[in-house]
Amino acid sequence: MMSLSSKKDLPIGIFDSGIGGLTVLKALRQQLPHEHFLYLGDTARLPYGTKSPDTVKNYALNANEILAQQVKMLVIACNTATAVALEALQERFFPIPVVGVIEPGAQAALNEPNPGPVVVLATEGTVKGHAYRQVLARLSPQTPVIEWPCSLLVAIAEEGWCHGYLVEEIITKLLAPLRLQLGEQKPSCVVLGCTHFPVLKEPMQKIWGDIPVLDPAYRVAQEVTALLKQQDLERQSHDEATIHFMATDGIERFARVAQIFLGHPIAQHCVELVSVPAYESRARQEINSRTAASK
Ligand code: DGL
């Protein structure tokens, strides 16, 4: 059996459908500079945000098998996967602690003192499942919530398009019906409820003016820090910490765009190509048997 000290030395696993989770990794590294990190982007099956909950759940369960063998904690740095699969992931990988991003995002919103509804910008999948509405209803039942789908922004972020006139135009167009719906009502804040969106914070903030645009990553990092302490899992050594990247496809592209997200270059040899076996048959079997049972 592994000793506690070698367990403490294991990396923290970070999972996303693509490179969006790097916005969470950035916050985690700032907060926990002595921890090792192991990042997995399921780039072969991105985007998750437009797929069915069953498919996302199965993708997330399968992909995290790779991480779970090597880490002391899992951070699901993907709102869409958190929305549909957090409980299933916690169950499957117990006793490894599994942290999601939605509850910290909701808490960040509730920290804002302004009146008005909380606006959540997220993928279609996260919005359809009303994950933010449910968590906010539990934490603060009187807070109104408006969830708005912006799946297209995932593709823009994956391209590394973070600034400029065209990006602002696209965001303005996507948000026009929401602004119309809001009318004179001023939101208390805008939550970036997809981990790809913080790289678009600058154009977002320009569009929302003085309304706070929130990246929940910092809250996620606080929660991870607290949990490491609580479970006595903090790395003791202050030797240099490492980050290893894995992706299920397009490692050259991953390395190229990741540097935009992280703010420093990543050599392509630092990104390992991994495959997630056995998804197809297991996921299809589960979906087919459920469909058959409901007929
Ligand atoms: N980064 C993921 C999220 O936070 C979604 C991206 C995707 O659609 O795959 O929801």
Side-chain angles (χ1 to χ4, degrees), residues 13-28 39-64 67 74-86 89 98-106 108-109 119-135 147-162 170 174 190-201 204 213-221 223 245 247-250 253-254 257-258 260-262 276 279:
I14 303 177
F15 171 72
D16 183 41
S17 56
I19 50 176
L22 295 175
T23 58
V24 177
L25 172 65
K26 201 172 170 187
L28 282 165
Y39 184 95
L40 172 62
D42 194 7
T43 41
R45 297 178 298 194
L46 174 104
Y48 278 18
T50 48
K51 300 201 166 79
S52 72
D54 267 336
T55 297
V56 172
K57 193 167 160 183
N58 281 295
Y59 281 175
L61 283 166
N62 274 88
N64 277 282
L67 282 175
L74 273 172
V75 179
I76 308 305
C78 173
N79 288 263
T80 315
T82 299
V84 300
L86 184 63
L89 289 161
V98 182
V99 178
V101 283
I102 290 184
E103 183 134 352
V119 166
V120 180
L121 306 180
T123 64
E124 203 181 306
T126 304
V127 168
K128 273 192 184 152
H130 298 298
Y132 273 91
R133 179 166 302 170
Q134 282 160 17
V135 174
E147 297 157 293
W148 200 258
C150 304
S151 295
L152 176 63
L153 299 183
V154 173
I156 290 172
E158 285 276 330
E159 276 307 312
W161 286 16
C162 308
I170 293 168
L174 273 175
V190 175
V191 179
L192 300 177
C194 169
T195 54
H196 280 76
F197 296 174
V199 289
L200 302 166
K201 194 167 171 190
M204 280 283 184
V213 174
L214 309 179
D215 170 6
Y218 179 67
R219 281 303 284 238
V220 177
E223 189 178 325
F245 298 94
T248 52
D249 199 7
R253 182 187 174 75
F254 183 101
V257 186
I260 301 172
F261 277 56
L262 287 175
V276 181
Y279 158 71

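As the structure lists them, so they are numbered: ligands from 1, and atoms in each ligand from 1. Note that this is a predicted model, so its numbers are computed, not measured.
- At a 4.0 Å heavy-atom cut-off, ligand 1 touches C78 through backbone and side chain alike.
- The CG atom of L153 sits 10.5 Å away from atom NE2 of H196, with the distance rounded to the nearest 0.5 Å.
- When only non-hydrogen protein atoms are considered, atom 8 (O) of ligand 1 lies nearest to G49 N, 2.8 Å.
- Looking only at protein heavy atoms, the nearest one to atom 6 (C) of ligand 1 is S17 OG, 3.3 Å.
- The protein heavy atom nearest to atom 1 (N) of ligand 1 is H196 ND1, 2.8 Å.
- Residue T123 touches ligand 1 through its side chain alone, judged by heavy-atom distances below 4.0 Å.
- Numbered from 1 in the order shown, with element, the atoms of ligand 1 that lie under 4.0 Å from a heavy atom of Y48 read 7 (C), 8 (O), 9 (O).
- If you take OH on Y132 and CG on L121, they are separated by 10.0 Å, rounding to the nearest 0.5 Å.
- Using a 4.0 Å cutoff on heavy atoms, G20 does not count as a contact of ligand 1.
- Rounding to the nearest 0.5 angstrom, the gap separating the OG atom in S151 from the NZ atom in K51 is 10.5 Å.
- Looking at V191, V84, L192, T126 one by one, the single match for side chain to side chain contact (heavy atoms under 4.5 Å, CB included) with N79 turns out to be T126.
- Taking a cut-off of under 4.0 Å to the non-hydrogen atoms of D16, the atoms of ligand 1 that pass are 1 (N), 2 (C).
- The one candidate from C194, C150, P149 that meets the side chain to side chain contact (heavy atoms under 4.5 Å, CB included) condition with V127 is P149.
- Counted within 6.0 Å of CH2 on W161, heavy atoms from surrounding residues, nucleotides or ligands total 12 or fewer; the atom is thus considered open.
- Residue contacts with ligand 1, taken as heavy atom pairs separated by less than 4.0 Å, involve V154 solely via side-chain atoms from C-beta onward.
- No side-chain heavy atom of L46 sits less than 4.5 Å from a side-chain heavy atom of I19.
- Nearest non-hydrogen protein atom to atom 10 (O) of ligand 1 is T80 OG1, 2.7 Å.
- Heavy-atom contacts of L46 reach the following atoms of ligand 1: 9 (O) (cutoff under 4.0 Å).
- Listed for the Y59 side chain is no donor-acceptor partner under 3.5 Å among the backbone atoms of S17.
- Under 4.0 angstrom from ligand 1, the non-hydrogen atoms of N79 come from both its backbone and its side chain.
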